[in-house]
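Written below as C-alpha cells is the structure these notes are about.
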Amino acid sequence: MFFEAIFEPSKEMNYNSDAKKLAGKKIGVQDGWIVEEGPFKGQNCFYIPNSTVGWIPKCDLKELKPISFNRWKDIHKSLGLAT
C-alpha cells in the first residue's frame with residue numbers, strides 16, 4: 001500500500017542526511033514490515049523505495065493516511081525522489 005505522512009524524525013532513530021532533509025515535509029511511503037528488535041520492536045515500519053533514507057518507524061510519521069499510487073508518485077516528484 002501507498003501512504004502519505006509528515007515526517008517527524010525522533011531522536012531514537014539515527015537517520016542519514018538524506019532522511020534529515022525530509023524532516024517536517026509530507027512524504028510518500030510504502031508499507032514495510034514489523035520491526036523485530038530494538039527500541040521500535042513490534043512497530044510497523046515504512047520505507048521510500050529507491051532511496052537511501054532507509055526504514056521509518058510508524059511513530060515518526062504524523063497524519064499517516066493511505067493514498068493512490070498516482071498521488072504517491074506526485075509527492076515523490078515534488079520532492080525530487082526517484083520512484
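- Between the CE atom of M13 and the CZ atom of F40 there is a distance of 6.0 Å, given to the nearest 0.5 Å.
- Scanning for salt bridge (charged side-chain N to carboxylate O under 4.0 Å, His left out) contacts around K26 gives E4, with sequence neighbours left out.
- In terms of the ring pair (Phe, Tyr, Trp, His ring centres under 6.0 Å) criterion, residue partners of F3 (sequence neighbours excluded) are, by chain and number, F46.
- Under the rule for a side-chain hydrogen bond (donor to acceptor under 3.5 Å, both in side chains), S17 has no partner lying at least two apart in sequence or in another chain.
- A salt bridge (Lys or Arg N to Asp or Glu O under 4.0 Å) check over residues 32-49, counting only residues at least two apart or in different chains, returns nothing.
- Residues L61 and I27 are in side-chain contact: their nearest non-hydrogen atoms beyond the backbone lie under 4.5 Å apart.
- Between the CG atom of N44 and the SG atom of C59 there is a distance of 11.0 Å, given to the nearest 0.5 Å.
- The minimum heavy-atom distance linking I75 with I67 is given by the pair CD1-CD1, 3.9 Å.
- K58 places a side-chain heavy atom less than 4.5 Å from the side chain of L64.
- The ring pair (Phe, Tyr, Trp, His ring centres under 6.0 Å) test applied to Y47 returns no partner, not counting sequence neighbours.
- Taking a 6.0 Å sphere around CG of N16, one finds it holds more than 12 heavy atoms contributed by other residues, nucleotides or ligands.
- Applying the side-chain hydrogen bond (donor to acceptor under 3.5 Å, both in side chains) rule to S10 yields the partners E12, D60; only residues at least two apart in sequence or on another chain are considered.
- One finds the CD atom of Q30 at 10.0 Å from the CD1 atom of I48 (value rounded to the nearest 0.5 Å).
- Identified under the ring pair (Phe, Tyr, Trp, His ring centres under 6.0 Å) test for residues 8-31, with sequence neighbours left out: F7-Y15.
- Ring geometry for F69 against W72 counts as parallel: the plane angle stays under 30°, on a 0 to 90° scale with 60° as the upper cut.
- Scored by the side-chain hydrogen bond (donor to acceptor under 3.5 Å, both in side chains) test, D74 finds no partners at all (sequence neighbours excluded).
- For N70, the side chain to side chain contact (heavy atoms under 4.5 Å, CB included) partners at least two apart in sequence or on another chain are S68, K73.
- Put simply, SG on C45 and CD1 on I34 are 7.5 Å apart, with the number rounded to the nearest 0.5 Å.
- Distance CD/Q43 to CH2/W33: 13.0 Å, rounded to 0.5 Å.
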